[in-house]
Colleague: 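Here's a structure for you.
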Amino acid sequence: MERLCGPKLPFWVANQTFHTDRPDLPECFQLSVLSWLPCIYLWAVCPIYLFYLKKNNRGYIMMSVLNRFKTIFGLFLWIVCWTELFYTFHELRHGHNQPPIYFITPLVLGMTMLLATFLIQFERLRGVQSSGVLFIFWFLSVLCAIVPFRSKILEVTDKLRFSTFYFYFTLVVFELILCCFNEKPPLFSNVITDPNPCPETTAGFLSTITFWWFTSMAIKGYKVSLEAKDLWSLNERDSSKVMVPNLLREWDKELAQAQRQNPVVIVFSTVRSFILPKRLIRTRGESSPEEVEVLLSNQTAAPRKPSFLRALVKAFGPYFLIGSGFKLLQDIITFVNPQLLRYKKLTLHVNTKGVPDWWGYSLSFLMFFTAFLQTLILHRHFQYCFVTGMNVRTAIIGALYRKALVITNAAKRSSTVGEIVNLMSVDAQRFMDLTTFLNMLWSAPLQIMLALYFLWQNLGPSVLAGVAVMIMLIPFNAVIAMKTRAYQVEQMQYKDARIKLMNEILNGIKVLKLYAWENSFKEKVLAIRQKELNVLRKAAYLGALSTMAWTSAPFLVALTTFAVYVTIDENNVLDAEKAFVSLSLFNILRFPLNMLPQVISSIVQVGTCSKSSTACVCYNGDVCKTWVCIHLIICDTSRKGSVAYVPQQAWIQNATLRDNILFGKPYNEQKYRCVLEACALTPDLEVLPGGDMTEIGEKGINLSGGQRQRVSLARALYSDAEVYLLDDPLSAVDAHVSKHIFDNLIGPEGILKGKTRVLVTHGISFLPQVDNIMVMVEGRVSEMGSYQELLNQNGSFAEFLRNYALEDIVEEDEVIGEAMNEVIPSRFHRQISIISSDGDNTRCRSVRKHGCSQKKYSEPQEKKKPQEIEKLIQTETAETGRVKTKVYLEYVKAVGPLLSVLICFLYGCQSATAIGANIWLSQWTNDASRNETKENVNMRVGVYAALGIAQGILVMISSFTLAMGNIGAARKLHYSLLTNKLHTPQSFFDTTPIGRVINRFSKDIYVIDEALPATVLMFLGTFFVSLSTLIVIVSSTPIFAVVVFPLALIYIFVQRFYVATSRQLKRLESVSRSPIYSHFSETITGSSVIRAYGRNSAFVLMSDMKVDENQKSYYPGIVSNRWLGVRIEFIGNCIVLFAALFAVIGKENLNPGLVGLSVSYALQVGLILCMHSEKNKSFAPWEVEDKKPPPEWPMEGNVQFQDYSVRYREGLDLVLKKLNLSVQGGEKIGIVGRTGAGKSSMTLCLFRLLEAAAGEITIDRVKIAEIGLHDLRSKLTIIPQEPVLFSGTLRMNLDPFDQCSDEDVWKALEHCHLHKFVSNQPAKLDLECAEGGENLSVGQRQLVCLARALLRKTKILVLDEATAAIDLETDNLIQSTIRTQFEECTVFTIAHRLNTVMDYTRILVLDKGQVAEFDTPTNLISQRGIFYSMAKDAGLAQ
């Protein structure tokens, strides 16, 4: 430096700098290091920053006053710097030779100021509103100019340089101030158009690093309860439309790479795509040689599999790496404070007068500054990690959703809806959680190495003893991590099984209630839950051991190191500096030592999730089953022409009736009205509370089976497609409605005349009117041709027709028209109409004379008052305000009050021993100053060891106790939730999406099982550590008590803001999470319909919107934690500052041991415990002890309805009005009536799924309202309209309580004509049924339900349209079974096919919820009323 500064200006003078009360830095140091530091920074960062700006153009910002001032000041700075340069040249000309530093420094500074000015303008052109790079530059410039500023005041040497420097200093300070303000947003940016933009996008640099931009929401959340409308829009880069394509792009690259490396696989996939249709048509047992060959060659190769994890890393790695950079910086800064503490000790107990006070003050402020810098950097790192996690979750959910839309039936059967939803919720969550701590993989070893290096410097080779203990602890931790991982995998399997079962239970809840099977399924769920809890218990005990290791590791390492240090050499003295610097380093070691095995365990666990996600994203099964042809047509024709598909089981969305029909098409009033009429839906609209704007529940819960099918038909008709695939749509509707639909819609003269229609049907009455018939037997085409051709062939079809055909299948249109006008009363009378020819559609033309009805609708639906339309599915609401004390008390009660007190006591004892050990250590270090080290070594080491071991044991006991308490609470809370949900009235399930209930059983139970115990553990630990810290600091430096109160006030103030806001954000996040899963399970169910109509992209968009809506509340939630963290840690840093300052002030009266203890205790901040409890709903008693009916009840089967009225829910109209009828035991009653007349409702009342609004039902002189639900339902039998099967064996589906012998079961199967099918299965009665019975046809499922009824054999049997999905032949056999097997029983049958009830004792005709007719079939036909007209339609009456 002498060459630069000359001999007169030394670079460093120790006496001038350190050993003086008025320290100053030499001029050479000021002119070189202090002047160049900011310049070096800016030139080093500039290339990277320019590259970043080039890549990220946010738009153009107009030149503002602020920008002009920044630019002018920048140019002034350049002029000032170069003025000094030219002045030096001037001096040179006049013979005053200056050292080279006087030329170099102004030149470098001037060029740097020009660069800064250029950056100001370039940032404006690239849309940067606030510059972090320039802020740091101006901040460093001001910081480095402070020392010269002081020096020049103390000693003025050169007036011009004095003046230019003050100009320079003033301008730099102005630049720094201006840099704190923001520019306006760029032109045409989203912020301008967005109604509620996230302030982060426009936040300045300071606001960003301190998260100040979040303060407005924190204040709002404190003042009022936050609602969804208060949330900011999601940043575009975090939205689904950016994140999902990003991941899918990388995944496609993975697949392409895998295919390039595995050419065999390409051949395989190509061949498979060609052979698939052949394989479906080819008879069983055959196999093509090329297929076998390809399969064999594929097996021999070991292909490179595409890795989902690799795709994730490529998609999100770069952004995550920025966070890793912050982590590296933070790790290095972490070790600054122990070093400062080391120097501080030197100043504290070297009591010579020569040590100036400013040392202590400077070190105190330096410690504060480094701690604060560490806080800012750490929270930046966390922000990047959490945002990456959030993006990963968005992308995984989006990818899974897109895959679920195109998944084949075979793939759908291989994994249930519950499993895929679990994959979406829990596994995506695990990926998200991992990103937070992934950096520990490299950060932990780095921290360990740095800590060991500094420890070696401090204590020498004695550190090796501590290292040996650490190495011994690594396998211990690794074993715990491995076992924990194994338990987590096992627990995930049980959880999957439980969620899958819960999903099925909720889907079939109506059937469970009707059969009174709740207890059987409750036991099944609880059995799985018990296994899950056993695994959780083992994992919790391991966790307790792990906690003990985590707490005791630093202590054991410290103990062995200190013990070895003082025993190996008598000259080694353990003083305050060595002890507490080492202790703070050991505390730094604690985190990486514990985290490393945990992170490795999490990675392996996520590896498991990754495989399941990969499997789901990759899976491509084959299409199969009876409706294979239809699915193939959907797959193939969608490319050539539009397809409309009506599935056998109608798929209805949770949306309004109109939305279900329009299905994304634009609304055309006339066309829409005609579709309603053609599908016989107009009268239904008058019954529905909100007309066509009525919200339909999940799976069409508030529509009858017939209405659902007709809505499905209306959707197809409105879509105006080229090809119509109708999978038995007429089976669920009444005979006359069926005829109306066929004539007006499907038949040769219907609206769809001229379109291709493929109709699958069990009915034979319409066969003469179709062009071509394909007869299928056991998956093969047996005959094909027109109706007449098949009759002429005289094959099995002709024989079948002779046996079952009705005489008058075909009647003239005119006759039907007359008959309908004659017979059908006003309720049923509607003009048969079709879509008239309008300008939009030339294909649709009038067939009958009266085209589209011109009848004026009394009140167009869209003009109904909004308040009249009741919302069926109530939006999930979040509780507002503080978490009530009752909620905390509920959790304490679930843990057990005594146990809770014991846990707190144990934690208190544990903290007391920790304080004791550290106070003992401080006393030990004081021995050095009293020269008593040699006498007390053994006693000091012994007591220190005893206190530390006691702490370890107490930690383990308290963790064990806490684990026991938490698991007990988890069991009780899940049990009460399950019991509550199984006993909840059916109306709750009609108005609550299944996804919302599943969310309670998956995410909320996960919180209770895993998240809450960890939070409680952290809360207790943090509370006692904070308390002990304050006790130690106040006892060592009593003056500290003065600042405790104001700091505590600030702490409480900040916490109040945070808790109010964070709690609401958590609730909003929880509420917005359910719709994602509801929509997802709805999509999986209706994927074939969505695909057929080509609505994939619309549904993807809907799902993305729901995910983004959820992330809108999740993102402020993670920011709120960062916001709190920065503020709370700032308070912690203030505590460190004051503890150090007071130690410097009172150094004369303090012993160094206590000061070391006081300063090295770190303040930790606890997480706030938030619990959200769901209120229990009231429900009817399960069993009423004093009103239990006799075991043999009902003996006769007499049923009386007396003035009986019922409504679905409070506030709705009555569906049955004053029903009065008496049925004698053994009577067979047929119930008929138009769709929506109340037929199904009447049967539900018998089971009390609907409770009476007035009147009563009596069965064998027992009022059913007075007895328990279980007693009632177990004595009745129903075969429901929709056959519901649960996954499990066939035997379990028939007899879940195992009350019947195998012989009885086989007999029941024989009676319901399933014997042949079951006996042909390899597993026989143990045949595995898929979720919802997917691997059986709808007809077979209905027969299984019949077998259930035969096994129960109760006195009263209800058949709810039970044979609608069965072909005529089987139907005939079943009817004969019912007549013989239930001869003495009272049978109520709701019938669509009137021929099934024509031989019944009496027929009950319902109309608008009232008894219209009730008599024998013969009498009713002779009366020529409603029943007669229906019979005439069906060809059963002349």
Side-chain angles (χ1 to χ4, degrees), residues 413 504 508 511-512 514-517 520-521 524 625-626 648-649 731 762 776-779 800 804 1228 1274-1385 1387 1389 1396:
R413 277 197 297 279
E504 288 194 66
V511 170
L512 288 194
L514 292 170
Y515 286 129
W517 279 1
S520 165
F521 279 83
K524 287 179 77 174
K625 223 162 170 6
T626 320
Q648 188 169 8
Q649 287 182 303
S731 62
H762 291 304
M776 295 195 75
V777 178
E778 292 185 358
F800 174 79
Y804 297 103
K1228 308 289 179 281
S1274 59
K1275 300 291 184 181
L1276 307 175
T1277 301
I1278 185 167
I1279 304 177
Q1281 184 175 6
E1282 287 176 2
V1284 175
L1285 267 64
F1286 300 94
S1287 58
T1289 63
L1290 182 65
R1291 200 189 191 300
M1292 185 282 295
N1293 269 291
L1294 292 169
D1295 178 28
F1297 292 100
D1298 277 332
Q1299 291 170 336
C1300 307
S1301 67
D1302 279 7
E1303 194 184 338
D1304 292 339
V1305 174
W1306 279 113
K1307 201 178 286 179
L1309 290 172
E1310 203 168 326
H1311 287 310
C1312 67
H1313 313 286
L1314 270 176
H1315 188 282
K1316 184 183 171 191
F1317 168 74
V1318 178
S1319 55
N1320 285 340
Q1321 301 294 325
K1324 303 285 190 290
L1325 289 176
D1326 292 327
L1327 164 70
E1328 276 297 320
C1329 298
E1331 186 181 18
E1334 280 282 316
N1335 54 343
L1336 301 178
S1337 72
V1338 180
Q1340 284 170 326
R1341 283 178 240 167
Q1342 199 72 70
L1343 294 175
V1344 171
C1345 294
L1346 176 64
R1348 281 178 191 161
L1350 290 167
L1351 283 171
R1352 280 167 76 97
K1353 203 74 184 284
T1354 54
K1355 265 290 178 191
I1356 296 172
L1357 170 70
V1358 178
L1359 297 163
D1360 188 353
E1361 305 174 329
T1363 56
I1366 302 169
D1367 62 89
L1368 290 175
E1369 191 173 4
T1370 318
D1371 187 11
N1372 222 22
L1373 293 168
I1374 287 167
Q1375 291 302 332
S1376 64
T1377 304
I1378 291 168
R1379 286 184 195 101
T1380 53
Q1381 297 300 311
F1382 296 98
E1383 195 176 353
E1384 294 171 10
C1385 304
V1387 178
T1389 301
T1396 58

Colleague: Mind checking whether E1384 and K1355 have side chains closer than 4.5 Å, heavy atoms only?
Modeller: yes
Colleague: Under a 4.5 Å cut-off applied to non-hydrogen side-chain atoms, are L1309 and L1294 in contact?
Modeller: yes
Colleague: Sequence neighbours left out, what pairs pass ring pair (Phe, Tyr, Trp, His ring centres under 6.0 Å) with at least one residue falling in residues 1329-1352?
Modeller: none
Colleague: Backbone N or O of A1349 within a donor-acceptor pair of the Y515 side chain at under 3.5 Å?
Modeller: no
Colleague: When rounded to the nearest 0.5 angstrom, what distance separates CG in L1343 from OG in S1337?
Modeller: 7.5 Å
Colleague: Name all residues meeting the ring-ring contact (aromatic ring centres under 6.0 Å, His included) criterion together with F1382; count only those two or more places apart in sequence or in a different chain, and write none if there are none.
Modeller: none
Colleague: Looking at CG of L1285 and SG of C1329, how far apart are the two atoms once the value is rounded to the nearest 0.5 Å?
Modeller: 5.0 Å
Colleague: Looking at T1277, is its backbone amide N or carbonyl O close enough to the side chain of T1354 to form a donor-acceptor pair, meaning the two atoms are under 3.5 Å apart?
Modeller: yes
Colleague: What are the two closest non-hydrogen atoms of I1279 and C1345, and how far apart are they?
Modeller: CG2-CB, 3.8 Å
Colleague: Say whether, by atom type as modelled, one donor and one acceptor occur between the side chain of R1348 and the main chain of N1293 under 3.5 angstrom.
Modeller: yes
Colleague: Please tell me if the side chains of L1336 and F1317 come closer than 4.5 Å, counting only heavy atoms from C-beta onward.
Modeller: yes
Colleague: Between atom CG of L1351 and atom CG of D1295, what is the distance when rounded to the nearest 0.5 Å?
Modeller: 6.5 Å
Colleague: Between atom OG1 of T1289 and atom CG of L1325, what is the distance when rounded to the nearest 0.5 Å?
Modeller: 8.0 Å
Colleague: Let me know which of L1314, V1344, V1305 forms a side chain to side chain contact (heavy atoms under 4.5 Å, CB included) with L1290.
Modeller: V1344
Colleague: So which heavy atom on S1287 is nearest to which on M1292, and how close?
Modeller: O-CE, 3.6 Å
Colleague: Is there a side-chain contact between V1318 and L1327 in this structure, where contact means two heavy atoms from C-beta onward sitting under 4.5 Å apart?
Modeller: no
Colleague: Might you point out which heavy atoms bring L1346 and C1312 nearest each other, and give the distance in Å?
Modeller: CD2-CB, 3.5 Å
Colleague: Are the side chains of D1302 and R1291 in touch, meaning some heavy atoms are under 4.5 Å apart?
Modeller: yes
Colleague: Kindly say whether L1276 contributes a backbone atom to a donor-acceptor pair with the side chain of R1352 at under 3.5 angstrom?
Modeller: yes
Colleague: Please say whether more than 12 non-hydrogen atoms of neighbouring residues, nucleotides or ligands are located less than 6.0 Å from NZ in K524.
Modeller: yes
Colleague: Is there a donor-acceptor contact under 3.5 Å from the side chain of K1228 to the main chain of C1385?
Modeller: yes
Colleague: Can you spot which of L1357, L514, L1359 makes a side chain to side chain contact (heavy atoms under 4.5 Å, CB included) with I1278?
Modeller: L514
Colleague: T1377 side chain to H1311 main-chain N or O, any donor-acceptor pair under 3.5 Å?
Modeller: yes
